[in-house]
Amino acid sequence: MSASIHALPTAYASHAAAIVPPRPRRSTTSGLPSDNQGFTYLYMPYRLRSRYSETRKALSRLGLPSSRVLDVCYPVNGMVGILVHNDYVEEATITLYENGISLFEDCDPTDPILLKDPKFDSDPEEVRKQTAIVIHQKRLLKVLQRLRPPIRLAVARSFIAQDWITQADHDTFFASCSVTESNSASKPKFLSSPLYDV
């Protein structure tokens, strides 16, 4: 059985089975321009939902540094997703595999089966599907809010390319960011702590 991030046994989500693949080989190519632009989520078992900082620490202990993991999300209980650059997918997968953790393969974050709130149980399947898409889009827009501006635009473009958010979502989000940053820049800034210990 595959371990969770905390290297403890876990009950897998009922909608997917994490199968340990044949051990992949590490790439020997380095220093070359990437033709694999974009970002994606890797989903894996996670026993308990915890603070982002604690999850990042757990990932770091496994060999996935925070600098390579752009975001952490929890689509459903028992599962965690990490956002990484496409170039890092193979290395991250190998690192997790070497720690006894295999990914949920072909995981669709917009699958209605991830809707665990009972209030959605009686909705028609098509409505449930649309609800799952909307929830996923809202989650990704929150992700963009957490990202630093230098990487935010590239990630947003990747989300559009994968049909995870719409161009309208993208335009509205960045328009609001411009307003927020403009208002923030116009406010006086004060030091929250002294420059020197005295």
- Verify the neighbour count for atom CD of Q167: are there more than 12 heavy atoms of other residues, nucleotides or ligands below 6.0 Å? yes
- Message: Could you check whether any side-chain heavy atom of L96 comes within less than 4.5 Å of a side-chain heavy atom of T93, counting everything from C-beta outward?
- Response: no
- Do V155 and F159 come within less than 4.5 Å of each other through their side chains, counting heavy atoms only? yes
- Message: Exactly one of H136, K138, Q137 should register a side chain to side chain contact (heavy atoms under 4.5 Å, CB included) with L140. Which one does?
- Response: H136
- Message: Apply side chain to side chain contact (heavy atoms under 4.5 Å, CB included) to residues D169 and T166 and explain how you reach the verdict.
- Response: CA-CA 5 Å; D169 290 331; T166 65; 3.0 Å; yes
- Note on the structure: Looking only at heavy atoms, the pair that brings P112 and K129 closest together is CG-CA, 3.6 Å
- Query: Are any of the side-chain heavy atoms of M44 and V80 separated by less than 4.5 Å?
  - Reply: yes
- Stepwise side chain to side chain contact (heavy atoms under 4.5 Å, CB included) test for Y88 and L64: CA-CA 10 Å; Y88 188 57; L64 302 181; 3.3 Å; yes
- Message: Could you measure the distance from the CG atom of D71 to the CD1 atom of I151? Nearest 0.5 Å is fine.
- Response: 12.0 Å
- Message: Measuring only between side-chain heavy atoms, which start at C-beta, is S66 closer than 4.5 Å to L59?
- Response: no
- So, does S60 use its side chain to make a donor-acceptor pair with the main chain of R56 at under 3.5 Å? no
- Task: Determine, using the 4.5 Å side-chain heavy-atom cutoff (strictly less than), whether I113 and L115 are members of one ILVMFWY cluster.
- Result: no
- If two hydrophobic side chains count as joined below 4.5 Å and joins carry through other members, does I165 share a cluster with F174? yes
- So L83 and T40, side chain to side chain contact (heavy atoms under 4.5 Å, CB included) or not? Walk me through it. CA-CA 6 Å; L83 180 66; T40 192; 5.7 Å; no
- Parallel, tilted or perpendicular, as decided by the 30° and 60° cut-offs, for the rings of Y41 and Y43: parallel
- Query: Do the numbers put R128 on top of the ring of F120, so that NZ or CZ is under 6.0 Å from the six-membered ring centre and no more than 45° off the axis?
  - Reply: no
- Over all heavy atoms of both residues, which pair between A132 and T110 is shortest? Give the atoms and the distance, please. CB-O, 3.3 Å
- Task: May I ask you to check whether over 12 heavy atoms, not counting those of D121, lie within 6.0 Å of atom CG?
- Result: yes
- Message: Just verifying a value: how many Å separate L114 CG and N77 CG, rounded to the nearest 0.5 Å?
- Response: 11.0 Å
- About how many Å separate NZ of K57 and CZ of R51, when rounded to the nearest 0.5 Å? 9.5 Å
- Item | Gap between atom CZ of F173 and atom CG of L153 - 0.5 Å precision | 10.0 Å
- Do you know which two heavy atoms are closest between L147 and L70, and how far apart they sit? CD2-O, 3.5 Å
- Do Q162 and S158 get their side chains close enough for a donor-acceptor pair, meaning under 3.5 Å? yes
- Task: From the options I82, V89, L42, select the one residue that forms a side chain to side chain contact (heavy atoms under 4.5 Å, CB included) with L103.
- Result: L42
- Message: If you compare all heavy atoms of Q145 against all heavy atoms of R152, which two are closest, and at what distance to 0.1 Å?
- Response: O-NH2, 3.7 Å
- Query: Are side-chain heavy atoms of R139 and C73 found at a separation under 4.5 Å?
  - Reply: yes
- Item | Quiz item: cation-pi between R146 and Y52, 6.0 Å / 45° | yes
- Out of curiosity, R61 CZ to N99 CG, how far, rounded to the nearest 0.5 Å? 11.5 Å
- Query: So, do F104 and M79 sit near enough that their side-chain heavy atoms are less than 4.5 Å apart?
  - Reply: yes
- Item | hydrophobic_cluster_shared for I135 and W164, side chain cutoff 4.5 Å | no
- Of all heavy-atom pairs between P75 and G81, which one has the smallest distance, and what is that distance? CD-N, 4.2 Å
